[in-house]
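Chain identifiers are assigned alphabetically (A, B, ...) following the order of the sequence lines, protein sequences preceding nucleic acid strands; residue numbering begins at 1 within each chain.
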Protein chains: 2
Amino acid sequence: MRFSSAAGREEGHGAPLRRRPGQLVITGFIGAIAVGTMLLLLPISTAGQSATFMEALFTATSAVCVTGLIVTDTPVFWSGFGQAVILVLIQIGGLGVMTVASLLGVLVMRRLDLSSRLVAAASTRAVSLGDVRRLLVRVVVLALAVEAVVALVLTVRFAVAYDESFGQALWQGVFHAVSAYNNAGFALFSLSLIDFVADPWVCVPICVATIVGGLGLPVILEVLRERHRPRRWSVHTKITLLMTALLLVGGTGFFLLAEWDNPATLGTLDTGGRILASFTQSAQARTAGFNSVNTGEMHTETWLGTVILMFIGGGSGGTAGGIKVTTFAVLAVVIWSELRGDPDAAVFDRRISVATQRQALTLALLSVAIVVLPTLWITALSPFTVDQILFEVTSAFSTTGLSTGITAQLAWYHQIVLVALMFIGRLGPITLGTALALRAHRRLYRLPESAPIIG
Amino acid sequence: MRFSSAAGREEGHGAPLRRRPGQLVITGFIGAIAVGTMLLLLPISTAGQSATFMEALFTATSAVCVTGLIVTDTPVFWSGFGQAVILVLIQIGGLGVMTVASLLGVLVMRRLDLSSRLVAAASTRAVSLGDVRRLLVRVVVLALAVEAVVALVLTVRFAVAYDESFGQALWQGVFHAVSAYNNAGFALFSLSLIDFVADPWVCVPICVATIVGGLGLPVILEVLRERHRPRRWSVHTKITLLMTALLLVGGTGFFLLAEWDNPATLGTLDTGGRILASFTQSAQARTAGFNSVNTGEMHTETWLGTVILMFIGGGSGGTAGGIKVTTFAVLAVVIWSELRGDPDAAVFDRRISVATQRQALTLALLSVAIVVLPTLWITALSPFTVDQILFEVTSAFSTTGLSTGITAQLAWYHQIVLVALMFIGRLGPITLGTALALRAHRRLYRLPESAPIIG
Ligand SMILES: [K+]
Ligand SMILES: [K+]
């Protein structure tokens, strides 16, 4: 988090990245999705007949936005070439977003901080091209390192325990390692990880890659840099690590409790298997989207709990979706302070800036609206139940990719809604909003204050 | 809105109302519910066998909290005496909350404003007993006046068009006028207003009483006081009136669109009847809870739309529930400002105070949690669908009282949840929170600032 800028305040000159970083990202994503769609439409991309435009667009968006929702059965429908295209789209989407989101996160944050006029002095240094290049190198090296280790473990396991040929095991190892680290959740098994539900040699490496990738780049880089001095970690890093741990443990407990006796999910496993499966589900629900139990067979209340986990998501500035764990923590602290009548909201001995509070509250409410309204719309015009639709919509918006199984059966005009949700969720509603030139007129005077009665 | 106080800052001396206004209200409500429960347990309160404790508690809470959710069929189960008890509880709950909520709303608002240190100078005057007495008189006179007019119209209509005896028509006219003005939604017809779906002489007066009562006392008093000078109305009044109009029109349109062809609701009516029924439903959904069409037969998406209307609710400082229309408007303005990157959120040429913004955002998120968590809990342990349960929970929390028909069939441990939700919803989660001594320690120094990355 060394990057700072006066972005948005100095429009009209400077490098493109400084002028309109948000628009650059949007353009990049749209470009990647367009190219991906065209490649997936090629006859060599599919194993049988060519993909329809909707199938190609949906799959490309899902890959670039590292979501993992599918309208086709990845290992059956797509050829090796098609799968490779998906893999590259995942890597581009993941790395791209890791770089830019962390960069942009800092930029946007600085800009908002500026409005509070507290850190203006600290925010006048612009991002140099050297900074960006250094960041990019670090992101790529880190990704390749984690992916290589996980791919190695998976390859050995697939080859040794499942009697796969070395080439086959390597391809599957690499694919799932990349898919896991980038939190994409695309799998080369029709049943995702269900056949490996009790195999820790498959589930644990995938979960580790998922969790590390989901922390977000600012946290990963800071932890690596200051690994011997945890006391110097930023509040952002401390919140992210604490919340990740709490949500992993809480989620595991929730799935154990909710599904313990369900014969279609945990019921047939021994206690160890149940714990592993619940842990896997908990790790995957907050953004990656692999599943080692049958999501469609879970109880309705488990779906609702999963919706909450998906909605919260992972860490900022990475491949995780949702409103992010820091946002959730800030909300909890703000609500608690408000109830106590404390004018300051504080955590880890730091006051949370007013701009950050407002941003967190806005993001959460906007996200609620972005999930609720499409749910209502799809409910009105499809045969599925509200809980199924809420699950699918949240999964798309949070780029998790878990599914109750209805996505492939939705009408094209509902699948388009999911495509839009993946895109909005991936880039973030506030990033999108600020980028889309919703810039305010500067008022030359300040209006008098008013305080309408609330509640 | 002439009342101001240094409440909460001067604890330990002064009148009880000044010391702990929130606790006083809570005690009053619990007392009224307790007395009501005991009265309803008396054998003379029921037409047949005595009420169970749960039936009496649920009905008393529903009446005092002007909710209207029922576990028994009001006209059949309760005797005339029992119905009179319910009527008195409604009037006490409604008048009590009208007085105290508007008073408290101002108190709490002032206290929060204090934290922004902008209006400290204006907030040092305490509420005098004379102020309270004057307010009480005005509240009672206003209520009796509106109720008398509506009761008169209803009595004439019931007597003339439905061949009821004068005594019967008068009792029903008075009961429904009181129930409507206080937004209680209790009816002396087993089917609520379904038999009067196409009768504007019944539906319109009830809707007018509902809408006026739901504006909240600060608005009603200001509009009466400044009826010739609308330009002097406060921002609070302007927002409330505008949002009420928008939601009434928007809700009517929504119900028309969603239920036009549904033979179990609007489908059998002519166009005029459909418009009247949709208008009635729109007016009632935002807090009163009478229904002139069969709620249980509506489409799922209509339930979801109704949930949104119930959640928004009516005006502050009155008998309406929900997060309130001003809160909703402030949220919309804050989100819009955040997306535009505008440091100020302004409406009607006034900046919305930072404390008000934070309070609105907190209330909305807290309310989402208060609705979602019980929905999850009841879903886990009951045979009903999520949409039914979400509807019932929102109806209880927003003290609307509309029902898909499942409340009476819920287990006692779920009915208790609804009782708690009616109570929390009636007093408001923030009022409850601040009253329950969640007071912050005063810090002697200010912590350094931090801005974790959001989204
Ligand atoms: K995913
Ligand atoms: K009501």
Side-chain angles (χ1 to χ4, degrees), chain A residues 105 109 113 115 118 218 235-236 239 300-301 304-305 316-317 323-324 326-327 330-331 334-335 338-343 346 349-354 356-366 368 376 379-380 386-387 428 430 433-434 438-440 446-455, chain B residues 105 109 113 115 118 218 235-236 239 300-301 304-305 316-317 323-324 326-327 330-331 334-335 338-343 346 349-354 356-366 368 376 379-380 386-387 428 430 433-434 438-440 446-455:
Chain A
M109 205 176 65
D113 274 348
S115 71
L118 286 168
V235 170
H236 176 79
I239 293 179
T300 299
E301 61 269 24
L304 290 182
S316 296
I323 61 169
K324 308 298 180 314
T326 34
T327 309
V330 166
L331 296 177
V334 171
I335 290 176
E338 182 73 29
L339 289 181
R340 283 160 52 103
D342 191 339
D349 288 330
R350 289 286 181 285
R351 242 182 327 128
I352 299 171
S353 83
V354 170
T356 303
Q357 292 182 36
R358 192 171 99 151
Q359 203 185 0
L361 290 159
T362 302
L363 174 62
L365 282 174
L366 200 57
V368 168
L376 206 159
T379 301
V386 179
D387 36 350
I430 291 190
T434 46
L438 298 170
R439 217 160 289 281
R446 224 166 164 213
L447 294 166
E449 197 177 56
S450 157
I453 308 173
I454 297 300
Chain B
M109 205 176 63
D113 273 348
S115 70
L118 286 168
V235 171
H236 177 79
I239 294 179
T300 299
E301 61 270 23
L304 290 182
S316 296
I323 61 170
K324 307 299 181 311
T326 35
T327 309
V330 167
L331 296 177
V334 171
I335 290 176
E338 182 72 28
L339 290 181
R340 283 162 52 104
D342 191 339
D349 288 329
R350 289 286 180 283
R351 239 181 331 127
I352 299 170
S353 84
V354 171
T356 303
Q357 292 182 36
R358 192 171 100 150
Q359 204 185 359
L361 290 160
T362 301
L363 174 62
L365 282 174
L366 199 58
V368 168
L376 205 159
T379 302
V386 178
D387 37 349
I430 291 189
T434 46
L438 297 170
R439 217 161 290 282
R446 230 174 157 205
L447 294 167
E449 198 177 54
S450 156
I453 308 174
I454 296 301

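- If you measure heavy-atom distances from B/Leu376 to chain A, the contacts under 4.5 Å come from both the backbone and the side chain.
- Atom CD in B/Gln359 sits 12.5 Å away from atom CG in A/Leu361 (nearest 0.5 Å).
- Rounding to the nearest 0.5 Å places CD of A/Glu338 at 11.5 Å from CG of B/Leu365.
- When each of A/Thr379, A/Val334, A/Asp387 is scored by its heavy-atom pairs under 4.5 Å with chain B, the top score falls to A/Thr379.
- The nearest pair of heavy atoms linking A/Leu366 to B/Ile335 is CD1-CG2, 3.5 Å.
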